[in-house]
Amino acid sequence: MNNLTDRAFWQEYWKNYKYERVPARSEFESYFPADIYPGNGRTSIEIGGFPGTMSLYFARRGYRPTLLDFYVDPAIIKRLEKENGFGDNVIEAVEHDFFTYHTDRRWDLVFSIGFIEHFDDTADVIRRHVELVREGGTLLIVLPNFRGINGWVQRTFDRHNYDAHNISSMIPSRLRSILATMPLHDVRVTYTRKPMVWLEPKPGLRNRVARSLVRGLSYMLKLLPVKSRLLSPYIVITAVRDNKK
């Protein structure tokens, strides 16, 4: 597995982390299968999602969340839980390399956002997600689309971040071909409709100025709510794990 990032990359990334409010609704909610809500005590696992904002989002929807990441700082998770009105240890955090993680456990919902595109072997990453889904459970993957205007923004203002992404993983037809080889049904791969662009926060005046310019561009793009390779900021994958026959 050719990892496009390393531990040092993420340690530097989290130095600049701003605590997020867990959303009452997700911007991706309209693309999720309707039957994943409410969780009613079902289990979820978020892959590579430290510090667990979306794990807490699913907890609010009734899931018992697990977070698996090769970089975990329990103090940050605890503060995130507190900032959002949760008790301690709502998230079961597992610090482990996803590619060497072995378990007999299976989850009702296997989720990742902004993860699979950091690796060269997209099929292998997705297959490992699928292996964690229980029969009849849901696979839910969100990844950015850098093959349009957002990619131009990243290349222009943050080439280091752009180079940490596998752009070929963002081709919907390729994703559908990969998913077709796996024990899944009700497969959907779709662009999101609401255009936006962004830059990751980093120290320095140049980053602050660039982020201000990009925010202005993002506001203007929202006037064009069209799904397309050029404008859509994300790709959402949903599928259901087959039952054994």
Side-chain angles (χ1 to χ4, degrees), residues 1-20 27-28 46-54 67-73 75-77 80 95-100 111-126 128-129 141-172 174-175 191-192 194-221 228-237:
M1 174 56 59
N2 188 353
N3 189 340
L4 298 176
T5 61
D6 57 18
R7 191 176 180 84
F9 176 93
W10 292 110
Q11 285 176 326
E12 181 65 26
Y13 179 89
W14 291 115
K15 282 182 184 178
N16 304 303
Y17 174 64
K18 307 296 182 184
Y19 287 96
E20 298 179 51
E27 63 187 290
F28 308 110
E46 182 178 6
I47 310 300
F50 176 79
T53 302
M54 288 300 292
L67 171 66
L68 174 66
D69 205 314
F70 83 145
Y71 180 84
V72 169
D73 184 335
I76 290 180
I77 293 177
L80 182 68
E95 184 175 55
H96 206 290
D97 185 337
F98 177 58
F99 299 98
T100 60
F111 171 75
S112 71
I113 179 170
F115 182 78
I116 71 169
E117 72 278 3
H118 290 294
F119 305 93
D120 282 334
D121 193 339
T122 305
D124 181 66
V125 182
I126 294 176
R128 292 173 187 271
H129 279 64
I141 296 173
V142 179
L143 66 156
N145 168 35
F146 283 1
R147 297 176 63 239
I149 193 166
N150 212 4
W152 176 83
V153 167
Q154 301 300 321
R155 286 195 310 274
T156 302
F157 296 105
D158 193 350
R159 185 66 193 228
H160 179 62
N161 184 60
Y162 179 84
D163 289 342
H165 292 75
N166 174 9
I167 307 305
S168 69
S169 72
M170 303 169 188
I171 303 173
R174 181 167 182 257
L175 291 168
Y191 286 118
T192 57
K194 184 179 178 182
M196 62 181 291
V197 290
W198 66 85
L199 285 175
E200 301 292 347
K202 294 185 177 182
L205 178 62
R206 183 178 186 275
N207 180 262
R208 290 197 298 272
V209 172
R211 291 183 73 213
S212 294
L213 293 172
V214 169
R215 276 195 297 268
L217 175 60
S218 190
Y219 289 137
M220 290 188 290
L221 289 174
S228 70
R229 181 184 68 81
L230 179 63
L231 294 175
S232 294
Y234 294 101
I235 298 166
V236 179
I237 299 169

>> Looking at every non-hydrogen atom in both residues, tell me the closest pair between Gly114 and Pro144 and how far apart they are.
In response: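 Here Gly114 and Pro144 meet closest at CA-CD, 4.3 Å.
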>> Can you give me the closest heavy-atom contact between Tyr191 and Arg147, atom names plus distance?
In response: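 Closest approach of Tyr191 to Arg147: OH-NH1, 3.6 Å.
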> Going through the checks in order, is the side chain to side chain contact (heavy atoms under 4.5 Å, CB included) test met by Lys194 and Tyr234?
Replying inline: CA-CA 9 Å; Lys194 184 179 178 182; Tyr234 294 101; over 6 Å; no
Mind checking the [atom1]-[atom2] spacing from [X] to [Y]? Nearest 0.5 Å is all I need.
X	Y	atom1	atom2	result
Thr53	Leu80	OG1	CG	4.5 Å
Tyr71	Glu95	OH	CD	8.5 Å
Asp121	Ser169	CG	OG	11.0 Å

Taking side chain as C-beta onward, heavy atoms only, is [X] less than 4.5 Å from [Y]?
X	Y	value
Asp124	Phe119	no
Leu67	Ile77	yes
Ile113	Glu46	yes
Ile126	Leu175	yes
Ile237	Leu143	yes
Asp163	Arg155	no
Phe115	Ile141	no

Treating [X] as the side-chain partner and [Y] as the backbone partner, does any N or O pair qualify as donor plus acceptor under 3.5 Å?
X	Y	answer
Arg128	Phe99	yes
His118	Ala164	yes
Arg174	Ser168	yes
Ser232	Thr192	yes
Asn145	Met170	no

>> Please evaluate residues Gln154 and Leu199 with respect to the criterion side chain to side chain contact (heavy atoms under 4.5 Å, CB included), reporting the C-alpha separation (whole Å), side-chain torsions for both, the decisive distance (0.1 Å), and the verdict.
In response: CA-CA 7 Å; Gln154 301 300 321; Leu199 285 175; 4.1 Å; yes
>> Among Val153, Asn166, Ile167, which residue satisfies the side chain to side chain contact (heavy atoms under 4.5 Å, CB included) criterion with Phe146?
In response: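 When side chain to side chain contact (heavy atoms under 4.5 Å, CB included) is applied between Phe146 and each of Val153, Asn166, Ile167, only Ile167 qualifies.
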